[in-house]
Asker: 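Have a look at the structure that comes next, please.
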Amino acid sequence: MNQAWLKKIRVVVSLVFLALTTLLFVDFDRIGETPTATVALYPQFVPSLLKFSQTFAWGAAGFLAVLALTLLFGRVYCSTICPLGTLQDIVIRVADQLRKPRKVKFRYQRPRNVLRYGLLALAVGLFLGGSTLALSLLDPFSNFGRIAGDLLRPLYVVVHNGFGQLLESVGVYGPFPLHWKAPPLAALIFPALFLLGLIGLSATRGRLFCNTLCPVGALLGLLSRFALFKIRIPQDACVLCAQCSIHCKAGCIRLKTKEVDFSRCVACFNCMTVCETHGIGYAWSGPVLLRRSTPVALPQSQPSNSLDVVRRAALSREGKARRALLRAGATALVGLASLPRSSSVEAKPSNHVPTRLVNAKTWPVAPPGARDIVRFNDLCTACHLCVSACPYGVLQPSLLDYGWSGLLQPHLDFASGYCGYECNRCGQICPTGAIPPLALVAKQTVQLGVAHFVRDNCIVHTDHTACGACDEYCPTKAVHMIPYQDGLTIPEVRPVLCVGCGACENACPARPHRAIYVDGHPVQRQALRPSAKPLEYQPDRGFPF
Amino acid sequence: MQRRRFLTALGAGAWAGAGLALGGYGRRSCAGEPPAGTPDLVAVRNGEPDVLFDRGIEALGGMGRFVKKGQKVVVKPNIGWNVSPERAANTHPRLVRRIVEHCLQAGAKEVYVFDHTCDAWRDSYRTSGIEQAVKDAGGKLAPGNSESYFQTVAIPNGRRLRRTREHELVLEADVFINVPVLKSHGGARLSVAMKNLMGVVWDRGEWHSNDLHQCIADFATYRKPDLNVVDAWNVMLRHGPRGVSAADVVNMRSQLLSTDLVTADAAAARLFGLKQPEEVGYIRIAGEMGAGRMDLENLAIRRIVL
Ligand code: SF4
Ligand code: SF4
Ligand code: SF4
């Protein structure tokens, strides 16, 4: 039966998902707040699973659809929805074009079950133990996000703005320039190395990443052993032309036994388009097949069903003992990592008297609504979608600001921007729910940290001239100006009103150390809503001049 | 834009000198000599923002006095903050719309509107209502938050501010219309016409660390808009320049128009409730430096109450 048409559909769907997710990361303004974004994000496996583990809402149940699809047809996810899968397919295709013709593309590879299930167990185990480190380093969506958001976005912005300048030179303003605030260079090393490795691996060994390192691939692989329809080689139709095996990116077709290791099949359907007899294809593999499933010993710790993972995660999340332990651990780690950060010291002072007092920051500032740092570190996989989405450019990948468990997770960098008082975008878009969605009014009283004023660094004090940039930007008037000397005014902070948005710190021109800075809260608090006493005003009919 | 491309092509560093020399020609004023009897200041009260402007500009001789056929006009409202019109942190969109319409009616070839905003600019343009207003009126919005649009210019008479970076649109425009909103200001006391011009420069953080009042006055000696329209329809009396809520705002229903930005600021200070305009540091300094006149009692003022 000729099923080659399946590949055409597969290619179209995969390119659509790739295009949408890429656009989401490089130019969020374009589609970020449209239903299109939801379509692209809904079925992404790891983010959806994490979000569902907190909300149990249908709105986050995309991964269930993926599980159902896998139980029907195997790892269809891997060659349609997963943007990293499609990225590898493109590399494979380009490498194919460059290879000498007739050279054998791929051949059967033995399964590396210890590695793939071992890494899956590690990712699940660490996650249940309260760290997303392994998950975020291996998860395909997050890795794709970091490639598109951290590496591709700056290039896109340059091309986009270059085009804009070209138009502007003939008097047309638009497309309006996009802004990109450079993250710490060291934070780019991981995505860059990962991308290089991925290109090398896929160019030479096809989808080996998906069958060794990817935890989603491993999990869906386990499940696809029980798929109702599997790709099989009919013993009688096969003429042993070996075309299928040569074209199999996953290297999972073993001609010796005329068997397809379906747990490693990424459902690319290449085999179906090249089979001379159109023999290879999906066939019913219902209950009968259960008995003769490939004899691979499942590691003991593997949950056999992923709902189990969800429940365990939820249960364990409640565990108080674990919490306490984690908090202690995180405290130690964060303390360890509170090395001086680039944001607190800057070159090129423009004030006359360089400031002397270093900003004593003890905690990083987590995104608004993340509730507490430990919880945030538990759920964020560092996909950096919020970094791409933040219109204020304040969200930046961290290095060790949160400690190892929060490697690359976003934090608010007030040298780079500040958190807009009228903005709640990161929570709306965060696909894992690490930053929960908050209504704007609620977000406006979340206190991320508190501003500290360092009078001895303040320009009003050191230079004896007016400034007030901090007061100008403060959305709640938590920092406001009080009389100083000679008619000058100087800032004062009312901590109860402060939301820790960092607008004051970002605006403060004192260098190298700013005169006002925000220290984060390990557990976010509530700020008071500024009261709005009405003004006394008698309208005047005339003019006072 | 021609000039900028030229500069970029040759390398900004080596040609900074050329850029400075050329910077001067942005200062030409296009308004002809005012007809005899034209007031120095027009103050209008008790109407909607667009109606106030219709009456005010009429008293000043009509838009045709400022804008000639085929000219390029730049309108600079305050769009600093991502807040809605009733918060009065930004210029009222209905006023901006009316001004753009007047310019086009007077024959302007194109009318650009921009601000170097404080909050995220796309959000600020949208939430302020100014994006829609400009589109409806047939004007063009330009971005003001990209460094590439700003050119280094020399401030020959500046005491503290000797050079700064100014938006290319202002350098190239035939007519420059400054449309501030009157509001309180924590650092500078008051924000009106002179303060609004901080939105046409790039490096305003340096102004803050370099004697803010002096820098504002220095810039006023260099950049004199052809027309200043002070929006005092809604006035933020406290917590400026951003404001905390609509409770910081009173409905004054007024507007001031003047070709002299120091005069506009001095009158606005009185309207705001200050006894003496000199209480605001930069108004006093700008007056002393001769950037404009603040002696309201000696000026021809046309007062209109609707
Ligand atoms: S809420 Fe704050 S941190 Fe989040 S996207 Fe908006 S500005 Fe950025
Ligand atoms: S004091 Fe600073 S951090 Fe606090 S609300 Fe005001 S601007 Fe934001
Ligand atoms: S912005 Fe900095 S230097 Fe300026 S008044 Fe505030 S604390 Fe002082």
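Every chain is numbered from 1 and lettered A, B, ... according to where its sequence line falls, protein lines coming before strand lines.
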Asker: Measuring from B:N82:CG to A:Y421:OH, what's the distance to the nearest 0.5 Å?
Answerer: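 Between B:N82 CG and A:Y421 OH, I get 12.5 Å after rounding to 0.5 Å.
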Asker: Side chain, backbone, both or neither: which part of B:V249 has a non-hydrogen atom closer than 4.5 Å to chain A?
Answerer: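 The backbone, not the side chain.
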Asker: Report which part of B:H239 has an atom under 4.5 Å of a heavy atom belonging to chain A: side chain, backbone, both, or neither.
Answerer: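 For B:H239, backbone and side chain are both near chain A.
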Asker: Just give me the residue among B:G187, B:S245, B:S254, B:G80 that pairs up with chain A most often, heavy atom to heavy atom, under 4.5 Å.
Answerer: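 Highest number of heavy-atom pairs under 4.5 Å: B:G187.
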Asker: Looking at B:R242 and A:E422, does any basic side-chain N land under 4.0 Å from a carboxylate oxygen?
Answerer: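 Result for this pair is yes, salt bridge flagged.
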Asker: What distance separates A:T465 OG1 from B:L212 CG, expressed to the nearest 0.5 Å?
Answerer: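 Answer for the OG1-CG pair, A:T465 versus B:L212, is 8.0 Å.
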Asker: With a 4.5 angstrom heavy-atom cut-off, which part of A:C474 approaches chain B: side chain, backbone, both or neither?
Answerer: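 When you check distances to chain B, only backbone atoms of A:C474 fall under 4.5 Å.
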Asker: Would you say A:R529 has more than 12 foreign heavy atoms packed within less than 6.0 Å of its CZ?
Answerer: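 Check passes, neighbour count above 12.
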Asker: What part of B:D119 gets within 4.5 angstrom of chain A, counting heavy atoms only: side chain, backbone, both, or neither?
Answerer: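 The answer is both parts of B:D119.
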Asker: Determine whether more than 12 heavy atoms belonging to other residues, nucleotides or ligands lie under 6.0 Å from atom OH of A:Y537.
Answerer: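 Check passes, neighbour count above 12.
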Asker: Does atom CD of A:Q485 have more than 12 heavy-atom neighbours, drawn from other residues, nucleotides or ligands, at distances under 6.0 Å?
Answerer: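 Count over threshold, so yes.
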Asker: Among B:P241, B:G243, B:S191, which residue has the highest count of heavy-atom pairs closer than 4.5 Å to chain A?
Answerer: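 Top count of heavy-atom pairs under 4.5 Å with chain A: B:P241.
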Asker: Measure A:L497 against the heavy atoms of chain B and call it side chain, backbone, both or neither at under 4.5 Å.
Answerer: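 Contact with chain B involves no heavy atom of A:L497 at all.
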Asker: Which heavy atom of B:G205 sits nearest to which heavy atom of A:P509, and what is that distance?
Answerer: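 Distance-wise, the nearest heavy atoms are O-CB, 3.6 Å.
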Asker: Any idea which of B:H213, B:K140, B:R122 has the most non-hydrogen atom pairs under 4.5 angstrom with chain A?
Answerer: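 Max contact count across the listed options: B:R122.
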Asker: Taking side chain as everything from C-beta outward and backbone as N, CA, C, O, which of these in A:H464 sits under 4.5 Å from a heavy atom of chain B? Side chain, backbone, both or neither.
Answerer: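 Answer is neither: A:H464 stays 4.5 Å or more from chain B.
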Asker: What part of B:L271 lies closer than 4.5 angstrom to a heavy atom of chain A: side chain, backbone, both or neither?
Answerer: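 B:L271 touches chain A through backbone and side-chain heavy atoms alike.
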Asker: Quick check: closest heavy atoms across A:Y418 and B:C118, and the distance to 0.1 Å?
Answerer: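 In terms of heavy atoms, the two residues are closest at OH-O, 3.2 Å.
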Asker: Answer with side chain, backbone, both or neither: which region of B:W207 has an atom nearer than 4.5 Å to a non-hydrogen atom of chain A?
Answerer: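 When you check distances to chain A, no heavy atom of B:W207 falls under 4.5 Å.
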Asker: Does a sphere of radius 6.0 Å around CD in B:E297 hold more than 12 heavy atoms from other residues, nucleotides or ligands, not counting ones at 6.0 Å or beyond?
Answerer: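 Counting other residues, nucleotides and ligands, CD of B:E297 exceeds 12 neighbours.
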Asker: Which atoms of A:D29 are under 4.5 Å from chain B, going by heavy atoms: the side chain, the backbone, both sets, or neither?
Answerer: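 Just its side chain gets close to chain B.
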Asker: Can you give me the closest heavy-atom contact between B:G186 and A:T489, atom names plus distance?
Answerer: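 Taking B:G186 first and A:T489 second, the nearest heavy atoms are O-OG1, 3.8 Å.
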Asker: So do the side chains of A:L535 and B:M236 get within less than 4.5 Å of each other, counting heavy atoms only?
Answerer: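 Side chain of A:L535 against side chain of B:M236, heavy atoms only: no contact under 4.5 Å found.
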Asker: Just how far is it from atom CD of A:Q165 to atom OG of B:S146, taken to the nearest 0.5 Å?
Answerer: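 Reported to 0.5 Å precision, the distance equals 8.0 Å.
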Asker: Please look at B:L306 and chain A and tell me whether the side chain, the backbone, both or neither of the residue comes under 4.5 angstrom of a heavy atom of that chain.
Answerer: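 Just its backbone gets close to chain A.
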Asker: Against chain A, label B:V44 side chain, backbone, both or neither, depending on which of its atoms sit under 4.5 Å from a heavy atom there.
Answerer: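 It is the backbone, since no side chain atom gets that close.
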Asker: Between CG of B:L41 and CZ of A:F545, what distance do you get to the nearest 0.5 Å?
Answerer: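 Interatomic distance, B:L41 CG to A:F545 CZ, rounded to 0.5 Å: 5.5 Å.
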Asker: Can you tell which part of B:R238 gets under 4.5 Å to a heavy atom of chain A, answering side chain, backbone, both or neither?
Answerer: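 Contact with chain A involves the side chain of B:R238 alone.
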Asker: Counting heavy-atom pairs under 4.5 Å to chain B, which of A:M481, A:K477, A:K533 comes out on top?
Answerer: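 The option with the most such pairs is A:K477.
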Asker: Tell me whether B:R303 at atom CZ has more than 12 heavy atoms from other residues, nucleotides or ligands lying less than 6.0 Å away.
Answerer: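 Yes, the 6.0 Å shell around CZ holds more than 12 heavy atoms from other groups.
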Asker: At their closest point, which heavy atom of B:V244 faces which heavy atom of A:P475, and how far apart are they?
Answerer: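 Taking every non-hydrogen atom into account, CG2-O, 3.8 Å.
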Asker: Starting at CZ of A:F176, measure out to CG of B:N145 and round the result to the nearest 0.5 Å.
Answerer: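 Rounded to the nearest 0.5 Å, the CZ-CG separation comes out at 11.0 Å.
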Asker: Is B:R204 in contact with chain A via its backbone, its side chain, both, or neither, using a 4.5 Å heavy-atom distance?
Answerer: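 The side chain, not the backbone.
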Asker: Measure the spacing between SG of A:C467 and CG of B:N210 and express it to the nearest 0.5 Å.
Answerer: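 Here the interatomic distance stands at 11.0 Å.
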Asker: Heavy atoms only, distances under 4.5 angstrom: which of A:A532, A:P544, A:G542 has the most pairs with chain B? Name it, please.
Answerer: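 Winner by heavy-atom pair count: A:P544.
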Asker: Give, as side chain, backbone, both or neither, the part of B:N251 having an atom under 4.5 angstrom from any heavy atom of chain A.
Answerer: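 Just its backbone gets close to chain A.
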Asker: Pick one of side chain, backbone, both or neither for B:L274, based on which atoms fall under 4.5 Å of a heavy atom in chain A.
Answerer: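 It is neither, since no heavy atom gets under 4.5 Å.
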Asker: Go through A:P534, A:A469, A:G393, A:C423 and name the one with the most non-hydrogen pairs under 4.5 angstrom from chain B.
Answerer: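 Winner by heavy-atom pair count: A:A469.
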